[in-house]
Amino acid sequence: MRRCPMPDRSTAAAIPRNVIRHLQGLTVDAKALHEARAEICRIKPGQRAKIAAGPLEGFAVDVTEVKNGIAWFDFVTGGKGKADVASLVADLNDKALTLEDVVGLGVQQISR
């Protein structure tokens, strides 16, 4: 019986990236995870968000409509406004977003 010679420590073995990820337990595609995270963080109507920049930075708002990159919202303290969605950050502590929503969305995106 013939055996393959064992490489010495100076010989580099090329292991494909997907094999390494599998051995690490990372069998989920990184792109799918990135897309799922982006979807969770996307500003949507009915969601609470915070203003990320400007004189009203940190104010909480309830998003009522999103169209063409502009979000219309109601301030939690009263009043209305609009801003570019890039200047808003989704409030992931909002009670409207449950763990089941996050897990379900992640599974949906990853199973594509």
Side-chain angles (χ1 to χ4, degrees):
M1 176 188 255
R2 209 171 142 211
R3 290 188 167 179
C4 293
M6 292 297 292
D8 61 3
R9 292 183 186 259
S10 64
T11 304
I15 301 173
R17 182 171 174 81
N18 60 346
V19 172
I20 293 171
R21 291 181 58 78
H22 180 73
L23 292 173
Q24 291 174 329
L26 303 171
T27 56
V28 177
D29 183 30
K31 182 180 177 189
L33 287 176
H34 179 72
E35 290 172 358
R37 183 181 188 281
E39 179 62 25
I40 289 170
C41 294
R42 188 172 58 86
I43 303 298
K44 301 178 245 349
Q47 182 181 31
R48 181 157 291 171
K50 289 187 180 177
I51 299 175
L56 301 175
E57 181 178 353
F59 275 70
V61 297
D62 291 321
V63 178
T64 57
E65 184 181 355
V66 177
K67 190 174 185 181
N68 297 327
I70 303 293
W72 282 263
F73 51 80
D74 296 331
F75 286 99
V76 176
T77 58
K80 297 182 181 284
K82 70 178 182 176
D84 188 86
V85 292
S87 66
L88 298 175
V89 177
D91 185 359
L92 298 181
N93 294 323
D94 183 14
K95 292 184 175 119
L97 185 66
T98 65
L99 180 60
E100 289 78 20
D101 295 333
V102 173
V103 172
L105 179 63
V107 170
Q108 178 186 9
Q109 289 285 334
I110 292 166
S111 64
R112 283 186 184 181

Main-chain N/O of Glu65 paired with Lys67 side-chain donor or acceptor, under 3.5 Å: no

Sidechain-backbone polar pair: Thr64 side chain, Trp72 backbone, donor-acceptor under 3.5 Å: yes

Within one Ile-Leu-Val-Met-Phe-Trp-Tyr cluster: Phe59 and Leu88, side-chain cutoff 4.5 Å: yes

Val63 with Val85, same ILVMFWY side-chain cluster at under 4.5 Å: yes

Residue Lys50 excluded, over 12 heavy atoms near NZ under 6.0 Å: no

Interatomic distance, Asp62 atom CG to Asp74 atom CG [nearest 0.5 angstrom]: 6.5 Å

Any residue meeting ring-ring contact (aromatic ring centres under 6.0 Å, His included) with Phe75, in chain and number order, not counting sequence neighbours: Phe73

For [X] and [Y], work out which heavy atoms get closest and say how close.
{"X": "Arg42", "Y": "Gln47", "answer": "O-OE1, 3.2 Å"}
{"X": "Val89", "Y": "Ile43", "answer": "C-CD1, 3.8 Å"}
{"X": "Cys41", "Y": "Ala90", "answer": "O-CB, 3.4 Å"}

Validation row: Val66, Pro45 side chains within 4.5 angstrom (heavy atoms): yes

Any Arg48 side-chain heavy atom under 4.5 Å of Val76 side chain: yes

